[in-house]
Amino acid sequence: MSTTSQSGTPTTAPLRHDWSRAEAEALYNLPFADLVFRAQGTHRANFDPNHVETASLLSIKTGGCPEDCGYCSQSAHYDTDVKATKLMDTDAVVATARRAKDAGASRFCMAAAWRNPKDKDLDRVCDMVSAVKDLGLETCATLGMLTPPQAERLRSAGLDFYNHNVDTSPEFYGRIITTRTLQDRIDTLASARDAGLKICCGGIVGMGEQVEDRLGMLVLLANLPSHPESVPINLWNEVKGVPVNQTADRPDPIALVRMIAVARIMMPKSVVRLSAGRQYMTDELQALCFVAGANSIFIGDVLLTTKNPQTMRDADLLDRLGITSRLDDAKVPAQAAE
Ligand code: SAM
Ligand code: DTB
Ligand code: SF4
């Protein structure tokens, strides 16, 4: 069924993979009300506008990473406060996943600070994935670059989503990371997709990039062979000791809403996650992002190494907005959930 919004724009038009920068800019520069109206129309045509997905993150292997991502607390290239740890035990991961489920998470994402997993580590991650899946959670992993056989093994173990971000525009990419190329990332996304995994792919804003870079990133994502099922938009969470400190520039809140709206319009069926950086956002800004089409958040006091809003505060905000989520049927009170 195709519907037409009051602005005459079809809201369930076929998915496009040929977006130009000029088109993205034209959307971005619409008068704010027109842009948000159009994004909300697209959102309503594809999703319940009053529901958000709740994902929970766990760093299963922290720090000591050989990559030089200039925003990251876990890179071994920089002197940050993060201490490197070994890969967690499966039992501890599963216990954390169970708590996350009870606290209202629908998806559990396991993250490791690797350039790529070694096959012996992947055996253990596959065990974790199977056990977390058995709890009835959606599973996601983010482990760095994957070969096609590694992606297939993860899929066979029960992995639903693979998170691997493009991070920024092709033009700005080299200013942020030198140890792996954007093409490396695109190759990993292809391996994951070919193995039947759903893709979670987005990036970061607030590192000193221009609006054109943010739009360039959205065009890159929308023009992938298939749209990522999940698109995380991270606002850079400040980390001491990394190079991005020298360039960081938090976007104007209205610019962030505009970006979310453009993401919603260009990738109408993708879940857009308001990811890192919600700790800096007011309730009003988050509410505007939800109206503009964001429909997923990370819950829990910490992301990987940085802070996230308290679950109790999230539950209260969603309640005030009349937004449903799995937080509504959490088994444990939000303040005790962490
Ligand atoms: N090591 C794996 C990789 O990079 O593919 C997985 C984990 S990595 C932490 C996942 C993503 O988190 C990065 O690609 C980046 O987009 C985001 N991220 C990392 N540090 C961040 C920060 N300080 N603020 C916001 N987002 C961040
Ligand atoms: C994503 O795009 N955001 C998450 C998840 N994928 C792995 C990570 C955010 C990390 C924020 C910085 C930290 O806590 O270290
Ligand atoms: Fe390593 Fe991932 Fe951090 Fe880059 S973002 S330094 S790959 S943990």
Side-chain angles (χ1 to χ4, degrees), residues 55-78 80-85 87 107-117 121 125 139-146 161-169 172-173 176-182 184-189 191-192 199-209 214 217 221 228 230-245 247-248 250-251 256 263 271-281 296-309:
S56 182
L57 265 176
L58 177 66
S59 182
I60 59 171
K61 194 270 165 204
T62 305
C65 183
E67 303 284 3
D68 70 351
C69 310
Y71 50 76
C72 186
S73 63
Q74 304 195 65
S75 169
H77 294 255
Y78 316 120
T80 72
D81 294 338
V82 169
K83 267 184 49 194
T85 65
L87 181 61
R107 185 178 308 170
F108 190 69
C109 180
M110 292 156 270
W114 288 323
R115 176 173 165 80
N116 51 266
D121 291 329
V125 176
T139 53
C140 178
T142 179
L143 315 169
M145 293 187 284
L146 292 183
F161 289 82
Y162 197 70
N163 168 242
H164 199 62
N165 290 343
V166 294
D167 276 351
T168 189
S169 68
F172 197 66
Y173 186 93
I176 301 294
I177 304 127
T178 70
T179 51
R180 68 179 163 194
T181 64
L182 187 53
D184 288 333
R185 295 189 186 231
I186 290 170
D187 292 347
T188 287
L189 292 170
S191 301
I199 301 297
C200 172
C201 183
I204 314 184
V205 300
M207 300 187 291
E209 74 291 333
R214 296 178 199 147
M217 178 176 93
L221 292 169
S230 291
V231 177
I233 304 293
N234 298 278
L235 183 56
W236 185 59
N237 255 2
E238 197 180 322
V239 172
K240 293 206 176 70
V242 298
V244 161
N245 269 293
T247 57
R250 202 167 295 152
L256 185 69
V271 170
V272 176
R273 185 176 309 118
L274 207 49
S275 301
R278 284 194 308 114
Q279 59 162 330
Y280 307 122
M281 297 181 200
S296 177
I297 56 172
F298 282 123
I299 58 164
D301 280 3
V302 282
L303 293 165
L304 299 175
T305 66
T306 62
K307 283 192 190 144
N308 198 42

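One-based numbering, in listed order, for ligands and for the atoms of each.
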Protein contact for atom 5 (O) of ligand 1 (heavy atom, distance under 4.0 Å)
yes
At a 4.0 Å cut-off, with the gap strictly under it, does some heavy atom of [X] reach an atom of ligand 1?
| X | answer |
| --- | --- |
| T306 | no |
| L235 | yes |
| A112 | yes |

List ligand 1 atoms under 4.0 Å from Y71, heavy atoms only on the residue side.
13 (C), 14 (O), 15 (C), 18 (N), 19 (C), 20 (N), 21 (C), 23 (N)
State the atoms of ligand 1, each with its element, that fall below the 4.0 Å cut-off from a heavy-atom position in V239.
23 (N)
Residue portion contacting ligand 3 (non-hydrogen atoms closer than 4.0 Å) for R180
side chain
Check each heavy atom of A113 against ligand 3 and say whether those closer than 4.0 Å belong to the side chain, the backbone, both or neither.
both
What are the atoms of ligand 2, with element, lying closer than 4.0 Å to any heavy atom of N163?
5 (C), 6 (N), 7 (C)
Check ligand 2 against S73 and write out every atom of the ligand that is under 4.0 Å from a heavy-atom position of the residue.
15 (O)
Closest non-hydrogen protein atom to atom 9 (C) of ligand 2, residue and atom name please, with distance?
N234 OD1, 3.9 Å
Quick one: does [X] get an N or O within less than 3.5 Å of an N or O on ligand 1?
| X | value |
| --- | --- |
| D167 | yes |
| R180 | yes |
| R185 | no |

Reported CD1-to-CD1 distance for the pair I176 and I204, which is rounded to 0.5 angstrom:
7.5 Å
For a distance under 2.8 Å, tell me if C69 has an N/O/S atom near atom 3 (Fe) of ligand 3.
no
Should one rank C65, G277, C72, A276 by closest heavy-atom distance to atom 25 (C) of ligand 1, which comes out on top?
A276
In terms of atom number and element, which parts of ligand 3 are under 4.0 angstrom from non-hydrogen atoms of C65?
1 (Fe), 6 (S), 7 (S), 8 (S)
